[in-house]
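A quick write-up on the structure given underneath.
We name chains A, B, ... by the order of the sequence lines, and we start the count at 1 in each one.
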There are 2 protein chains.
Amino acid sequence: MPKIGSGMEAVPKQTTIRDVARAAGVGIGTISRVLNSSSQVSLETRARVNEAIRRLGFRPNAQARRILKRRSEIVCFLLSNRDFIHPFHARILQGVESYASGLRHHVLFAVLHYSPRTAPEKIDLPPVLQEHGLIDGVILAGTIYPNLLRRIEAIRMPFVAFSNNVVGMDGDHLYDQVGFDDFSGTLQSTRYLIEQGHREIGFAGDLSYPWIRRRFDGYRQAMRENKLKPVSILPRKADGFVDFGQKSAERILAGLSRPSAVVAGNDETAYGLWLSLRRQGVKVPEEISLVGFDDREEAVLMDPPLSTVRVYKEEIGQTCMKMLLERLHHPQMAYSQRILPTEFVVRGTVRQL
Amino acid sequence: MPKIGSGMEAVPKQTTIRDVARAAGVGIGTISRVLNSSSQVSLETRARVNEAIRRLGFRPNAQARRILKRRSEIVCFLLSNRDFIHPFHARILQGVESYASGLRHHVLFAVLHYSPRTAPEKIDLPPVLQEHGLIDGVILAGTIYPNLLRRIEAIRMPFVAFSNNVVGMDGDHLYDQVGFDDFSGTLQSTRYLIEQGHREIGFAGDLSYPWIRRRFDGYRQAMRENKLKPVSILPRKADGFVDFGQKSAERILAGLSRPSAVVAGNDETAYGLWLSLRRQGVKVPEEISLVGFDDREEAVLMDPPLSTVRVYKEEIGQTCMKMLLERLHHPQMAYSQRILPTEFVVRGTVRQL
DNA sequence: TTATTTTGTGGAACCAGTTCCACGCATTTT
DNA sequence: AAAATGCGTGGAACTGGTTCCACAAAATAA
């Protein structure tokens with residue numbers, strides 16, 4: 001570890017607007033006006049000032065400006081270490097960044113460190129949020145406990161949550177949130193399976209996650225509206241989503257009646273199913289059809305490529321950023337919830353019966 | 001787009017140290033001393049001040065402090081949009097963040113937008129770097145053109161580069177860099193193949209990338225020291241790494257003599273090879289053995305799990321952050337290059353002959 | 001007892017910007 | 001010709017911290 005706080009020797013006096021003012025033979029106010037492209041400066045003066053700025057290599061100090069402006073134009077993207085920068089969230093971050101940079105804002109990346117020892121309820125807010133004036137607001141992604149939202153509200157920090165990952169019920173509690181339509185996703189994919197002639201369709205997904213439960217609901221809805229019996233495949237204790245899929249496949253193969261198609265809770269589970277089925281010599285989609293959820297990058301690389309539900313991840317990020325900016329400019333505005341659509345994409349893992 | 005600059009109405013006068021000073025009945029200097037846990041404050045006064053701070057809910061303004069301290073304790077993690085937050089770089093970011101947060105620093109995430117129209121040489125520096133005082137230094141990851149390094153040097157911004165991705169030769173040009181040992185990685189994996197009895201070993205990797213070339217060199221070294229003939233498999237024009245692997249497999253199967261093992265330029269190429277071989281009914285590792293490079297998360301999930309070269313991605317991030325902090329505290333220090341070791345991990349894609 | 005050092009504290013000056021009021025001068029209106 | 005308006009500009013006052021100097025009181029040394 002380098003000694004922090006050492007190296008205070010060098011005090012590299014920077015060029016200030018006063019230097020520029022002297023060099024250009026004008027007042028400091030004029031420099032400020034030029035920098036903020038305020039109208040009230042004559043062309044001639046403006047040119048002289050810009051010339052001086054260029055000559056001195058002057059770059060305004062962003063920090064000083066921020067104090068006065070009472071706005072840092074920095075937002076924080078907060079992710080829990082649980083699901084640290086999983087490609088899914090990385091894509092959301094991508095959306096946040098692209099929208100932010102388009103509006104000359106910056107994105108600070110922070111991690112919420114849940115420790116296995118501390119209960120998620122009493123986790124401390126990360127230092128970034130504690131600091132005053134560093135960030136204007138927060139975008140929450142990854143696993144979110146409602147309690148965290150309370151804490152953030154308590155310090156009156158504006159925030160937008162990617163709500164699909166909010167764990168634990170929090171019914172009537174209102175805040176700005178962006179999510180996508182889990183329910184409609186599986187509704188579409190299951191309907192598609194039914195259209196293709198499938199009747200015995202199982203659902204394989206870890207229902208301890210609220211979003212997987214919502215996907216299960218979409219699946220059930222599609223089944224019920226076609227008078228079909230929903231079946232949730234219950235494997236024994238699994239370690240992660242892929243393994244959940246593998247264990248589910250074992251369960252399916254051990255069972256008496258074998259479904260002709262399986263709706264997986266997500267792409268990872270679908271991959272696990274595929275792996276295990278293939279290993280047992282069961283061909284996808286010839287013997288069992290398969291649909292996933294999320295449309296991860298890898299889905300298209302599977303063999304055959306996975307039919308799955310596409311989620312517009314960048315758009316989620318963009319929408320989060322957009323909503324946060326709206327909130328910042330209109331603090332009194334009513335809270336809003338935005339649910340983005342999902343779309344089933346046909347690839348190669350479904351067979352027509 | 002929300003109108004930016006609107007909503008300037010609310011000027012929420014914040015609590016300052018002067019308020020606290022008044023409330024505690026002490027001078028402003030004392031407040032500052034308490035905040036910086038400077039020794040020279042009596043226990044009694046300290047208690048009174050802390051009480052006042054608590055009562056007023058005072059949080060010091062970080063921006064103001066930064067101006068005086070001439071250090072923002074924020075570093076920028078810069079990634080090109082080319083390889084936007086690929087899991088590999090995400091893991092590096094993870095390392096950067098963990099090291100940074102441990103030392104009370106923040107990480108600003110920025111993207112270098114290469115556009116397909118603009119030549120990479122004349123790309124503009126991202127706004128974050130232009131601003132003065134916002135960040136203390138930069139960590140560069142993703143594709144880096146040496147020219148970018150020059151630009152950053154020109155504005156005298158301290159930086160550390162993850163040098164494995166530096167494109168284009170830049171021999172004697174010195175700067176702080178962290179990398180990992182491509183050469184030794186393939187040297188290890190190829191030697192392992194030879195130990196296992198393989199003699200006809202091909203290399204499949206897109207040599208237009210400098211790091212793949214270094215991996216090729218490691219492979220060649222291992223071959224030569226065993227008096228074996230290195231063979232670079234040259235597929236026709238491919239679209240991305242996975243496709244490169246697939247095309248390479250086609251080439252292998254079309255060839256006269258079939259190697260018993262293939263060293264892939266990276267895991268994606270290995271996956272492409274595996275896909276294509278499997279599709280042609282060629283079993284891995286029974287008929288052809290395979291080794292990859294990078295040890296991506298997916299490697300262990302392949303069937304059989306991929307034997308590959310592990311790269312310690314978080315450690316790269318941590319080392320980058322560490323070096324940057326050293327540089328910040330000792331600006332005159334000589335530049336250093338750190339090459340982290342790589343390690344071959346045996347899994348299931350190599351057969352003993 | 002007096003001289004010297006130490007400890008604790010107040011507050012002016014400062015950092016690098018922005019804001020706003022006042023003022024000179026030119027133009028336009030009465 | 002006098003009054004009113006407008007533009008361009010200078011700079012004091014301010015933002016919210018830190019730093020440092022001065023000084024009083026207490027502790028120690030002579």
Side-chain angles (χ1 to χ4, degrees), chain A residues 5 8-50 52-53 56-73 130-134, chain B residues 5 8-50 52-53 56-73 130-136:
Chain A
M8 294 302 285
E9 335 75 23
V11 184
K13 182 81 173 123
Q14 60 176 247
T15 11
T16 77
I17 51 163
R18 279 159 242 267
D19 301 325
V20 180
R22 206 173 320 113
V26 298
I28 56 164
T30 303
I31 307 298
S32 180
R33 278 183 286 265
V34 170
L35 289 176
N36 294 287
S37 43
S38 146
S39 46
Q40 307 284 62
V41 185
S42 73
L43 278 169
E44 191 221 351
T45 315
R46 186 183 297 273
R48 217 164 64 244
V49 169
N50 279 325
I53 288 178
L56 297 179
F58 166 78
R59 286 179 304 155
N61 184 312
Q63 311 284 356
R65 166 180 278 156
R66 280 184 234 283
I67 298 185
L68 286 299
K69 285 280 163 82
R70 283 241 165 64
R71 194 149 282 175
S72 69
E73 308 203 320
Q130 310 268 21
E131 269 189 48
H132 201 288
L134 175 50
Chain B
M8 293 304 285
E9 334 78 21
V11 184
K13 180 82 175 121
Q14 60 177 250
T15 358
T16 77
I17 52 164
R18 280 160 243 267
D19 301 324
V20 179
R22 207 172 321 113
V26 298
I28 54 164
T30 304
I31 308 298
S32 178
R33 278 183 286 265
V34 170
L35 289 175
N36 295 286
S37 43
S38 143
S39 45
Q40 308 284 62
V41 185
S42 75
L43 277 168
E44 192 221 350
T45 315
R46 185 183 298 272
R48 217 164 63 245
V49 169
N50 279 325
I53 288 177
L56 298 179
F58 167 78
R59 287 180 302 154
N61 184 312
Q63 312 284 357
R65 167 181 277 154
R66 281 184 234 283
I67 297 185
L68 285 298
K69 285 280 165 84
R70 283 241 165 66
R71 192 148 284 173
S72 70
E73 308 202 320
Q130 310 267 21
E131 271 190 45
H132 201 286
L134 175 52
I135 57 171
D136 292 340

Can you figure out which of [options] approaches the side chain of [X] most closely?
X: A/I28; options: C/dT18, D/dT9, C/dC15; value: C/dT18
X: A/T45; options: C/dG17, C/dT19, D/dG8; value: D/dG8
X: B/N61; options: D/dG10, D/dG17, C/dG10; value: D/dG17
X: B/R33; options: D/dG10, D/dC20, C/dG17; value: D/dC20
X: A/L35; options: D/dT9, C/dT18, C/dA16; value: C/dT18

Quick check: do [X] and [Y] have side-chain heavy atoms less than 4.5 Å from each other?
X: B/S42; Y: B/T45; result: yes
X: A/V49; Y: A/F58; result: no
X: A/H132; Y: B/P60; result: no
X: A/N61; Y: A/T16; result: no

Nearest-Å distance, [atom1] ([X]) to [atom2] ([N])?
X: B/R66; N: C/dG17; atom1: CZ; atom2: C1'; result: 16 Å
X: B/H132; N: C/dA16; atom1: NE2; atom2: P; result: 9 Å
X: A/Q63; N: C/dA16; atom1: CD; atom2: P; result: 12 Å
X: A/I31; N: C/dG17; atom1: CD1; atom2: P; result: 11 Å
X: A/K69; N: D/dG16; atom1: NZ; atom2: P; result: 15 Å
X: A/I17; N: C/dG17; atom1: CD1; atom2: C1'; result: 5 Å
X: B/L68; N: C/dA13; atom1: CG; atom2: C1'; result: 11 Å
X: B/E131; N: C/dA16; atom1: CD; atom2: P; result: 16 Å

Whether the side chain of [X] and the base of [N] hold a donor-acceptor pair under 3.5 Å is what I'd like checked.
X: A/R46; N: D/dG8; result: no
X: A/R70; N: D/dG16; result: no
X: B/R18; N: D/dG17; result: yes

Measuring to OP1 and OP2 of [N], would you say a side-chain N or O of [X] lies under 4.0 angstrom away?
X: B/Q14; N: D/dG17; answer: yes
X: A/S32; N: C/dT18; answer: yes
X: B/T16; N: D/dT15; answer: no
X: B/S42; N: C/dT9; answer: yes
X: A/T30; N: D/dT9; answer: no

Considering heavy-atom distances to DNA chain D, does B/R65 or A/R48 have its closest nucleotide positioned more toward the 5' end?
->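 The 5'-side residue here is A/R48.
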
Side-chain ion pair, A/E131 and B/R66, N-O less than 4.0 Å =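 Yes, charged N to carboxylate O under 4.0 Å.
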
Which one of A/T30, A/L43, A/V26 satisfies the side chain to side chain contact (heavy atoms under 4.5 Å, CB included) criterion with A/R48?
->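 The option that passes is A/V26.
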
5'-most contact on DNA chain C: B/E44 or A/R59, nearest heavy atom basis?
->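 It is B/E44 whose nearest nucleotide is closer to the 5' end.
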
